[in-house]
Enquirer: 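One structure follows; several queries about it will come next.
Chain letters run A, B, ... following the sequence lines, proteins first, then strands; residues in each count from 1. Computed from heavy atoms alone, side chains included, the values below leave out hydrogens, waters and symmetry copies.
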There are 2 protein chains.
Amino acid sequence: MDRFVSTFTNKIDAKGRVSVPASFRAVLERDGYAGGIYCYPSLDAPALDCGGERLAKKIDGLLAGLPDYSDERDELSVALYGDVQVLSIDGDGRIVLPEGLRAHASLDAAVTFVGLGDKFQMWEPLRFEKRRAEARNKVQITRKLFGAGKPLISDDDSGNGGARE
Amino acid sequence: MDRFVSTFTNKIDAKGRVSVPASFRAVLERDGYAGGIYCYPSLDAPALDCGGERLAKKIDGLLAGLPDYSDERDELSVALYGDVQVLSIDGDGRIVLPEGLRAHASLDAAVTFVGLGDKFQMWEPLRFEKRRAEARNKVQITRKLFGAGKPLISDDDSGNGGARE
DNA sequence: CGGGCATTCATGGGATAGCATGGGTTAATA
DNA sequence: TATTAACCCATGCTATCCCATGAATGCCCG
């Protein structure tokens, strides 16, 4: 497995810890795990974006293109590096969410991990459900536009809230 | 870890001391720590720029690009080297901020350390919050203008955005 | 084919070490 | 000698580590 896929919902315990889904951890290790996952507030969603070394390099790559001491660079640096947190994973595969990140995504009792290929997001479970429903709608519309045939997902709501496999 | 990442806020005590975040100290040591951190007023922000050997070399590099005895070079030399202070770190990982530097950044009761990759900045906490908000805004706009070359964040998490390499 | 055993994970709690912070004491300087 | 900066120690908090529990899955053997 080398991509983050599917969604999992885990609890936040009294100490603020959450288990990172085992399958995601496996991906991180393959990605050149360097002791922590990179995590920052999504710019346009109440969620957190996370990833491993590959994501970190992407950020570096963006900045590398800009000249030192330019305004652009400064702003991007602040927006990216400044908000990035490196969350270390403990022996049991858990991370602790700092207050700032928790606030941005309104994370409280549980977290939904959403695989997005080469990164993943962390959502407040209810919010994600809403978002997922919207997304599904859009897909349906798109499918109609394309004249695609049968729905991939039947309309029984088998995809319910459980999120666990 | 070999980059300065994420932000920390620490207090200034009665003697004017501040703890440098432990993770930043780790980066400094890896960077070839030579007994102190280089620190000078940011040219375009009410903040201080700090770093280790790598930063010092970068300054050298900038100046090397300009012809000797040019006005530009003189100005830049003064602007950069002139105000540089080498702050030594005590046994407990703390530094003392000289009056001049404190004044430039309006540092008073606390300091926010902002990791920016190969250097970090020290801000008055409230000012930094404002700055961060601005930066996020601008980045969002920039991203939209450019059609976001590589979106670190997909606009639409329904899919695929992140899946691409 | 089915029942029981072993393994993997998520989760909870207790112990411990690291870190930020405050204060006191000694050394350097004018 | 007075003042300031460097050093050392003490404290409380929080993150980190370690172990225990329990559920779920998969495997082996009857």
Enquirer: Base, sugar-phosphate alone, or nothing: which one does B:Asn10 contact when heavy atoms must sit under 4.0 Å apart?
Expert: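 Sugar-phosphate contact only - B:Asn10 comes under 4.0 Å of backbone atoms but never of a base.
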Enquirer: Using whole Å, report how far CG of A:Leu87 lies from P of D:dT16.
Expert: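 Rounding to the nearest Å, CG of A:Leu87 and P of D:dT16 are 9 Å apart.
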Enquirer: I need the CZ-P distance between B:Phe24 and C:dA20, as an integer number of Å.
Expert: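 Distance check: B:Phe24 CZ to C:dA20 P gives 11 Å.
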Enquirer: Report yes if a donor N or O on one partner sits less than 3.5 Å from an acceptor N or O on the other, where the partners are the side chain of B:Asp92 and the base of D:dC9; otherwise report no.
Expert: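 Such a pair is found, so the answer is yes.
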Enquirer: May I ask you to say what A:Val18 touches in the nucleic acid, namely base, sugar-phosphate or nothing, with a heavy-atom cut-off under 4.0 Å?
Expert: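 Nothing: the residue A:Val18, judged by heavy atoms under 4.0 Å, touches no strand.
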Enquirer: Establish, from distance only, whether the side-chain atoms of B:Ser19 and B:Asn10 form a donor-acceptor pair under 3.5 Å.
Expert: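 No pair is found: no donor N or O on one side chain lies under 3.5 Å from an acceptor on the other.
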Enquirer: Taking CZ from A:Phe8 and P from C:dT11, how many angstroms apart are they, rounded to a whole number?
Expert: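 Distance check: A:Phe8 CZ to C:dT11 P gives 12 Å.
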Enquirer: How close or far is atom P of D:dT14 from atom CZ of A:Arg102, stated in whole angstroms?
Expert: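 Distance check: A:Arg102 CZ to D:dT14 P gives 13 Å.
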Enquirer: Once you round it to whole Å, what is the distance between C1' of C:dA15 and CG of A:Asp90?
Expert: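 Nearest whole value for this atom pair: 15 Å.
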Enquirer: What is the distance, rounded to the nearest whole Å, between atom CD1 of B:Ile95 and atom P of D:dA5?
Expert: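 Interatomic distance, CD1 of B:Ile95 to P of D:dA5: 14 Å.
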Enquirer: Can you tell me how far C1' of D:dA15 sits from CZ of A:Arg17, to the nearest Å?
Expert: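 The answer, rounded to whole Å, is 10 Å.
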Enquirer: Side chain of B:Arg25, heavy atoms from C-beta onward: which of C:dA10, C:dG22, C:dA20 has the nearest atom to it?
Expert: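 It is C:dA20.
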Enquirer: So, is A:Ser88 close to the D:dA15 phosphate, meaning a side-chain N or O under 4.0 Å from OP1 or OP2?
Expert: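 Indeed not, no polar side-chain atom of A:Ser88 lies that close.
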Enquirer: Out of C:dA20, C:dG12, C:dC9, which has the shortest distance to the side chain of A:Asp13?
Expert: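 Nearest listed nucleotide: C:dG12.
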Enquirer: Is a donor from one side chain sitting under 3.5 angstrom from an acceptor on the other, for A:Thr112 and A:Thr9?
Expert: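 The criterion, which ignores hydrogens and geometry beyond distance, is satisfied for A:Thr9 and A:Thr112.
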Enquirer: Can a donor-acceptor pair be found, under 3.5 Å and without considering hydrogens, that links the side chain of B:Asp92 to the backbone of B:Arg94?
Expert: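 Looks like no, no N/O pair under 3.5 Å.
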Enquirer: With distance as the sole test, does B:Glu124 use its side chain to make a donor-acceptor pair with the main-chain N or O of B:Leu126 at under 3.5 Å?
Expert: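 Judged by distance alone, yes, a pair lies under 3.5 Å.
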Enquirer: Between D:dA6, C:dG22, C:dG13, which nucleotide gets closest to the side-chain atoms of A:Arg94?
Expert: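 Looking only at side-chain atoms, A:Arg94 lies closest to C:dG13.
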Enquirer: If I take atom CD1 in residue A:Ile89 and atom P in nucleotide C:dA10, what distance separates them, rounded to the nearest angstrom?
Expert: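 After rounding, the reported distance stands at 11 Å.
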Enquirer: Determine the interplanar angle of the A:Phe8 and A:Phe24 rings, folded into 0 to 90°, and report it as parallel if under 30°, tilted if 30 to 60°, perpendicular if over 60°.
Expert: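 Correct class here is perpendicular.
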